[in-house]
Amino acid sequence: MTQAPSWRRTHTCGELRPVHVGQTVVLNGWVQSRRNLGGIYFLDLRDRYGLTQVVIPEALASVKLGPEFVLSVRGKVSGREGSQINTERATGGVEVIAEAIEVLSSSPPPPIDLSGSTETSLETRLKYRYIDLRRPQMQRNLAHRSRFINAMRRAFEAQGFLEIETPILTKATPEGARDFLVPSRVHPGEFYALPQSPQIFKQILMVAGLDRYFQVARCFRDEDLRADRQLEFTQLDMEMSFVEEEDVFATWERVMRDTFKDAMNIELTIPFPRMRWEEAMERFGVDKPDLRFGLELHAVDAWAKTCEFQVFRSAVEGGGRVMGLTVAASHNLSRKDITELEGVAKGIGAKGLAWWKAGAAGGSGPLAKFCATPEAAQALMSAMGASEGDTCLFIADRKSMTRKVLGELRNQLGRRLDLIPKATSATDPAQWRFTWVTHFPLFEWDEDAGRYFSAHHPFTAPEDWNLDGAMDGKEPDLGKLSSRAYDLVLNGWELGSGSVRIHRADVQQKIFSMLGIGPEEQKRKFGFFVEALSQGAPPHAGFALGLDRTSALTLGLDNIREVIAFPKTASAVDLMCDAPSQVDPEQLAEVHVRSVLPEKSAAEAPAAPPPTAS
RNA sequence: GGGGACGUAGCUCAAUCGGUUAGAGUACCGGCCUGUCACGCCGGUGGUUGCGGGUUCGAGUCCCGUCGUCCUCGCCA
């Protein structure tokens with residue numbers, strides 16, 4: 001009795017080389033393309049590892065083989081000579097002469113072009129994600145992400161960190177983003193929340209003496225989506241005890257250096273620069289500066305205060321700022337460019353955009369008449385760091401608006417004027433400009449709510465443990481307090497954030513009070529946490545890095561959907577499985593929940609749902 | 001919640017100022033082809049122009065509504 005030959009592969013589709021010539025092999029994979037020349041018939045078989053050309057002999061030419069059919073091909077490896085060699089392909093020196101073909105699975109023509117000749121809409125890609133993910137580009141993206149995360153894991157383990165899992169079903173957190181709620185079947189009327197981050201748990205792990213924790217943690221925030229934001233996202237979360245900022249920075253710098261080397265063969269230079277939040281805002285207008293180009297903001301308040309231009313003077317006298325950007329003459333910024341930039345500025349909320357073509361003799365443009373004297377012109381050029389013929393752009397407004405507008409203009413000009421240097425090679429470390437931004441404000445005023453909120457989160461240590469006298473019963477200006485929160489910024493993207501934490505129960509309670517959370521509410525929502533802090537909490541600090549963003553950025557992509565296997569659309573829908581969706585009334589009853597739809601939807605509810613496109 | 005862009009064949013797109021039977025490439029099907037590798041050549045199938053209403057002699061095109069996708073502001077401790 002003879003055993004039927006197995007369909008199982010002996011090699012992958014990216015594996016065969018001239019050294020295998022003469023061997024009988026079995027390949028498994030998807031039909032990428034067919035080229036039937038009549039007397040000879042070629043087929044490319046694809047799997048995650050590559051493409052291999054298969055030659056179909058006459059005897060097998062009648063087997064129906066459509067694109068994306070899944071095959072097992074048994075055959076002999078044959079060498080290719082001269083012009084037959086495909087130098088574009090790793091397996092191009094060989095081909096497999098098929099002796100037997102088994103169709104493991106068939107397929108209709110795919111709705112997504114897998115040859116790479118046309119770009120399919122994201123909508124179709126997400127609906128048929130299982131086909132989209134067959135594309136080599138997507139497989140490369142996911143492989144890169146996997147390598148990157150695993151390299152980080154090794155780097156943390158090498159530094160003595162323990163990977164510890166924390167709950168997904170947890171307690172709703174007041175403050176911050178909207179929670180996803182999960183009704184409890186066992187406890188009618190009560191809800192779990194999905195974690196916005198493992199924040200409280202990792203701090204408690206420090207209280208528990210675990211000393212060094214990390215986790216690849218899924219986080220959930222029920223807020224609107226963006227190209228760089230999903231409802232659920234992944235962080236490399238960590239926390240460490242008996243440390244301060246510099247210890248956290250040094251740990252992460254080693255991790256990033258090792259990870260970039262390991263996953264991408266890039267030699268990062270460490271340490272990364274540090275700058276206080278105030279410095280970042282003053283020099284770049286944003287808290288996540290792109291350091292790949294200059295074009296820094298210049299303060300011209302002193303000049304503005306004494307000039308004849310009423311808009312500038314009143315801005316400064318009213319407590320605002322006058323600042324500007326200097327665009328080198330070589331960029332030939334046109335009137336049309338300036339008009340467009342003014343549109344951008346107004347879109348953000350600026351009242352206008354003043355400009356001046358710098359010149360010792362007064363220059364030109366709307367500001368020229370205020371620079372009529374050589375002294376005034378010279379002083380403005382000096383304040384703006386401008387040379388003859390440079391174009392200066394000015395915003396005069398409230399401090400925060402001035403920075404915000406110029407920060408955005410700076411970023412746009414960076415792109416429009418091509419100020420970002422091109423990488424000299426794939427492993428050029430100069431294209432990765434990291435920086436730490438430190439000492440963010442502790443609180444931010446919320447106009448609508450009429451109260452202060454934590455700028456980072458309420459567990460962030462203040463720069464001054466005495467809270468500028470608040471611990472002694474005084475009442476400081478909350479808007480002026482600095483925190484020990486920090487961000488890691490790469491090329492203008494916020495990769496992650498963290499802080500030194502409050503390890504003192506009394507300070508934690510004081511912060512809650514400052515946020516308007518009274519003793520009762522504190523006890524109900526954070527009682528267990530404050531109690532933990534009061535029972536031997538070590539000083540500790542931590543950080544969390546957004547892995548979706550980091551994976552995308554290190555692949556040169558600006559949309560995190562390209563590094564997430566099953567992402568959601570801008571309206572938070574999973575197009576493949578059509579989630580969210582209605583559930584059976586029995587299911588709702590079981591968890592003691594009844595839907596109360598908004599007016600409009602409620603009126604439509606009895607009608608049949610519209611048919612979905614098929 | 002606000003703003004902008006888009007929605008036409010399985011896929012990617014075109015269709016002038018509102019005017020003939022809505023086209024092309026690709027895919028698919030059939031035929032030819034012995035060295036292709038996005039094979040080539042010939043032929044063919046394929047459309048409720050997202051959906052609903054309106055204006056008009058006439059709507060893919062204009063108007064209103066609605067649904068969906070993308071970007072963005074708000075939001076995202």
What interatomic distance, in whole Å, is found between C1' of B/U66 and the corresponding atom of B/G7?
13 Å
For A/Pro111, which contact category applies under a 4.0 Å heavy-atom criterion: base, sugar-phosphate, or nothing?
sugar-phosphate
Against A/Gln53, only a single residue in A/Arg89, A/Gln32, A/Arg35 fulfils side-chain hydrogen bond (donor to acceptor under 3.5 Å, both in side chains); can you say which?
A/Arg35
Please tabulate, one pair per line, each protein N/O and nucleotide N/O from nucleotides 4-6 of chain B that are separated by under 3.5 Å, including the distance.
none

Taking the same atom, P, in B/G10 and in B/C6, what whole-Å distance lies between them?
23 Å
Numerically ordered, the residues 219-235 of chain A set in heavy-atom contact under 4.0 Å with RNA chain B is A/Arg221, A/Glu223, A/Asp224, A/Arg226, A/Ala227, A/Arg229
With both distances kept under 3.5 Å, what pairs with B/C70, Watson-Crick or G-U wobble?
B/G4
Just the atom pairs and distances: protein N or O near nucleotides 24-26 of chain B's N or O, under 3.5 Å.
none

Across the strands shown, which category fits A/Leu37 at heavy-atom distances under 4.0 angstrom: base, sugar-phosphate, nothing?
base
Complement of B/C33, any strand, by Watson-Crick or G-U distances under 3.5 angstrom:
none
Given side chains that start at C-beta, do those of A/Met240 and A/His540 come closer than 4.5 Å, heavy atoms only?
no
Determine whether the aromatic ring centres of residues A/Tyr486 and A/Phe440 are separated by less than 6.0 angstrom.
no
With C1' as the reference atom in both, quote the distance from B/U12 to B/U49 in angstrom, rounded to an integer.
16 Å
Choosing from B/C37, B/U69, B/G35, which nucleotide comes nearest the side chain of A/Thr569?
B/U69
Sticking with atom C1', work out how far B/G43 lies from B/C37, rounded to a whole angstrom.
25 Å
Within residues 491-505 of chain A, the residues having a heavy atom closer than 4.0 Å to RNA chain B are none
With side chain to side chain contact (heavy atoms under 4.5 Å, CB included) as the test, pick out the partner of A/Thr91 among A/Leu45, A/Asp44, A/Thr52, A/Asn86.
A/Thr52
If we take the P atom in both B/A24 and B/U45, what is their distance in whole Å?
11 Å
Stepwise side-chain contact (heavy atoms from CB on, under 4.5 Å) test for A/Asp464 and A/Leu481
CA-CA 8 Å; A/Asp464 171 12; A/Leu481 293 176; 5.9 Å; no
Could you state the atom-to-atom distance from CG of A/Asn36 to C1' of B/C42 in whole Å?
15 Å
Face-on cation placement of A/Arg229 at A/Phe233 ring, 6.0 Å and 45° thresholds
no
Base, sugar-phosphate alone, or nothing: which one does A/Glu119 contact when heavy atoms must sit under 4.0 Å apart?
sugar-phosphate
May I ask you to say whether A/Glu232 pairs ionically with A/Arg218, meaning some side-chain N is under 4.0 Å from a carboxylate O?
yes
If you look at every strand shown and take non-hydrogen atoms under 4.0 Å, does A/Ile348 touch a base, only sugar-phosphate, or nothing?
nothing
Contact list for RNA chain B against residues 73-82 of chain A - heavy-atom distance below 4.0 Å
A/Arg80
Does the pair A/Asp397/A/Lys351 count as a salt bridge with the N-to-O cut at 4.0 Å?
yes
The answer to which of A/Asp44 and A/Gln199 contacts RNA chain B further toward the 5' end, by nearest nucleotide, is A/Asp44
Who pairs with B/A24 - Watson-Crick or G-U, where each distance is under 3.5 Å
B/U12
Would you call A/Asp446 and A/Arg451 a salt bridge, using N to O less than 4.0 angstrom?
no
Determine, for A/Arg276 against A/Glu463, whether the closest basic-nitrogen to carboxylate-oxygen distance falls under 4.0 angstrom.
yes
Assign each of A/Pro109 and A/Thr120 to its nearest nucleotide of RNA chain B by heavy atoms, then name whichever residue's nucleotide is nearer the 5' end.
A/Thr120
Quick check: any donor-acceptor pair below 3.5 Å linking the side-chain of A/Gln84 to the base of B/U36?
no
Identity of whatever pairs with B/C17 - Watson-Crick or G-U, under 3.5 angstrom
none
Below 4.0 angstrom, N of the basic side chain to O of the carboxylate: do A/Glu520 and A/Lys525 qualify?
no
Does A/Tyr192, at its OH atom, have more than 12 non-hydrogen atoms belonging to other residues, nucleotides or ligands within less than 6.0 Å?
no
Taking atom P in both B/U69 and B/C33, compute the distance separating them and give it to the nearest angstrom.
49 Å
N/O-N/O pairs, protein side and nucleotides 29-31 of chain B side, under 3.5 Å:
| unit_1 | atom_1 | unit_2 | atom_2 | d |
| --- | --- | --- | --- | --- |
| B/C29 | OP1 | A/Lys64 | NZ | 2.6 |

On a whole-Å scale, what distance lies between the P atoms belonging to B/A22 and B/A27?
25 Å
When the C1' atoms of B/G47 and B/C70 are compared, how many Å lie between them, rounded to an integer?
25 Å
Aromatic centroids of A/Trp252 and A/Phe543 separated by under 6.0 Å
yes
Nearest non-hydrogen partners of A/Thr569 and A/Arg561, listed with the distance:
C-NH2, 3.8 Å
Between A/Tyr130 and A/Tyr128, what is the ring plane arrangement, given parallel below 30°, perpendicular above 60°, and tilted in between?
perpendicular
Applying a 4.0 Å non-hydrogen cut-off, can you work out what A/Glu123 is touching in the nucleic acid: base, sugar-phosphate, or nothing?
sugar-phosphate
Kindly say if A/Arg35 contacts the phosphate of B/U36, meaning a side-chain N or O under 4.0 Å from OP1 or OP2.
no
With a cut-off of less than 4.0 Å, is there a side-chain N or O of A/Ser121 near OP1 or OP2 of B/U12?
yes
Flag the pair A/Glu531 and A/Lys523 as a salt bridge only when some basic side-chain nitrogen lies within less than 4.0 angstrom of an acidic carboxylate oxygen.
no
Would A/Arg504 and A/Asp506 pass as an ion pair if we require N to O under 4.0 Å?
yes
Closest approach to the side chain of A/Leu122, judged atom by atom: which nucleotide of B/C70, B/C37, B/C71 is it?
B/C70
Salt bridge present between A/Lys404 and A/Glu408 (N-O < 4.0 angstrom):
no
